[in-house]
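Numbering starts at 1 and runs along the sequence shown.
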Amino acid sequence: MRENHPLAKHAIRQFILARLVLGSAAAILLALVVWVAVVAGGSGGSGDPLLVQPTADLQAAAGSLPAAAPSAESATVTPSVTPSAGASGSASPSPSAPASASASPSVKPKPSKSVSRTPSASPSRAASPTPTPDVFAATYSTSANWRDGFIAAVRIVNNGSTTRDWSVTLTYPSSAGVEVRGAWNATAGVSGNTVTLRGKSLAGGGSVTVGFQGTKDIGDAVKPVTCSISGGSCRMS
């Protein structure tokens, strides 16, 4: 590299000398062209401008001029690219819509109109009817008793003012084995241990005594476990 350096300097000097010579020649040719143009313009009587073209020799000389060779210092040019302000790093546009915006619009449901119904006044409870006294009252008694039989009597009173039908139900112990042999002032029916007596309608304020003769399986006196009458109460004596 150090041996070729003097040759490079010599070539540069020759190039500069050639440029000076060619530049001087070009300046002389340009001056001649201008002078010819001035002379031609002054000699013309019509006053029209004349177009003066250079001769073929001048054109050939101008075409043979060497192009300017770049200097060694400016031979290597590294272009520096400065990014414009528009080409900033943030290329993705920021969304115009706010981040909190939801994709679907939130629709607030309208509250349904609740019809407030005024509760109707609760009907006042009807006054409980005054308990009426028992229409019928019955009293059971055993008028006679022996080893395998007995006689039962029932007195019935109608405490009402109208004529009413009645029925008396007597329930005996299951071990007694009671059977009915005959009845008066009433009809008697037996179902298991239960004896039912039914008679004619009894007028208001009236009373009647009915009875029946029955048999039993035990030697002791027998007595009903329960006694009842329709529309009234029954007691045992």
For [X], enumerate each residue passing the side-chain contact (heavy atoms from CB on, under 4.5 Å) test, keeping only those at least two apart in sequence or located in another chain.
| X | result |
| --- | --- |
| A188 | V180, A183, L197 |
| T163 | S201, A203 |
| T196 | T169, T194, R198 |
| W184 | I151 |

Separation between [atom1] of [X] and [atom2] of [Y], rounded to the nearest 0.5 Å:
| X | Y | atom1 | atom2 | result |
| --- | --- | --- | --- | --- |
| I229 | S167 | CD1 | OG | 7.0 Å |
| R164 | L202 | CZ | CG | 11.0 Å |
| M236 | L170 | CE | CG | 8.5 Å |
| S228 | F136 | OG | CZ | 13.0 Å |
| S230 | D165 | OG | CG | 8.0 Å |

* Spell out, as yes or no, whether a donor-acceptor pair under 3.5 Å connects the side chain of W166 to the backbone of K200. => yes
Between [X] and [Y], is any pair of side-chain heavy atoms under 4.5 Å apart?
| X | Y | value |
| --- | --- | --- |
| V190 | V178 | no |
| D217 | S175 | no |
| K223 | T142 | no |
| I156 | T209 | no |

* **Exercise: do T226 and T171 side chains pair donor with acceptor under 3.5 Å** => yes
* Structure fact -> Grouping ILVMFWY residues whenever side-chain heavy atoms fall under 4.5 Å, the cluster of V157 otherwise contains none
* Classify the angle between the aromatic ring planes of Y172 and Y140 as parallel (below 30°), tilted (30 to 60°) or perpendicular (above 60°). =>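 Correct class here is perpendicular.
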* **Pairs meeting criterion side chain to side chain donor-acceptor pair (under 3.5 Å) with involvement of residues 146-161, two or more places apart** => W146-D148
* Could you point out which residue of V195, T187, N185 forms a side-chain contact (heavy atoms from CB on, under 4.5 Å) with F212? => V195
